[in-house]
Amino acid sequence: MNYERVKAVFLGFLDKKEATPYIMYIEAAISDTEGRIRPEYAEDPPDCVNMLAAANALVMYTNALCAGDITVCSENGKALLDRNTDNIRRSAAYLADYFKGVCSRYITDDKFVMISTEKEA
């Protein structure tokens, strides 16, 4: 995979210039995505696979970012403000699912399960 391409796409998603705070997410997503590439494409995967890795990094980053609560202090004391982050998480997951669909011929599907319903004799 092309680390620089994944990094550039990920930073484009966030509209950021500096990758240092996000390296952990980028490397983890590349590692996860590399493990899914079909053997015949492992040597030179198409660019959509790099974009899938960037989208997976975005999902990881978004989930980490949205995991915490925000505490806001008011004049009469402390109040806990819970953010509803469902829409942010869904957007990141939708983007990753989109690129997973685009790359379906180049990666293995780790969510598919075949169940036999054979009748006993």
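- Listed here is the closest heavy atom pair of Met1 and Val49: CE-O, 3.5 Å.
- The two atoms that bring Phe99 and Leu52 nearest to each other are CB-CA, 3.8 Å, heavy atoms only.
- Applying the 6.0 Å contact sphere to OH of Tyr41 captures more than 12 heavy atoms from other residues, nucleotides or ligands.
- Side-chain contact between Ile37 and Tyr106 is absent, with no heavy atoms from C-beta onward closer than 4.5 Å.
- Of all the heavy atoms in Ala64 and Tyr25, the pair that sits closest is CB-OH, 3.4 Å.
- Lys100 has its side chain within reach of Asp97: a pair of non-hydrogen atoms, C-beta onward, lies under 4.5 Å apart.
- Between the OH atom of Tyr3 and the CD atom of Glu27 there is a distance of 5.0 Å, given to the nearest 0.5 Å.
- Using a distance-only test at 3.5 Å, with no hydrogens or angles considered, no donor-acceptor pair links the side chain of Thr62 to the main chain of Val59.
- Remark: of the listed residues Glu34, Arg38, Arg36, Arg36 is the sole one forming a side-chain contact (heavy atoms from CB on, under 4.5 Å) with Ile107.
- Using a 4.5 Å cut-off between side-chain heavy atoms of Ile, Leu, Val, Met, Phe, Trp and Tyr, with links allowed through other members, Leu14 and Tyr94 fall into different hydrophobic clusters.
- Smallest separation of non-hydrogen atoms from Glu18 and Leu11: O-CD2, 3.6 Å.
- For the pair Arg89 and Cys66, the tightest heavy-atom approach, listed with the atom from each and the gap, is NH2-O, 2.9 Å.
- At least one donor-acceptor pair closer than 3.5 Å links the side chain of Ser91 to the backbone N or O of Asn87.
- Between Tyr61 and Tyr22, the gap from one ring centroid to the other is short of 6.0 Å.
- In this structure, the side chain of Asn56 does not engage the main chain of Ala29 through any donor-acceptor pair within 3.5 Å.
- The OG1 atom of Thr33 sits 13.0 Å away from atom CE of Met51, with the distance rounded to the nearest 0.5 Å.
- Counted within 6.0 Å of CD on Glu40, heavy atoms from surrounding residues, nucleotides or ligands total more than 12; the atom is thus considered enclosed.
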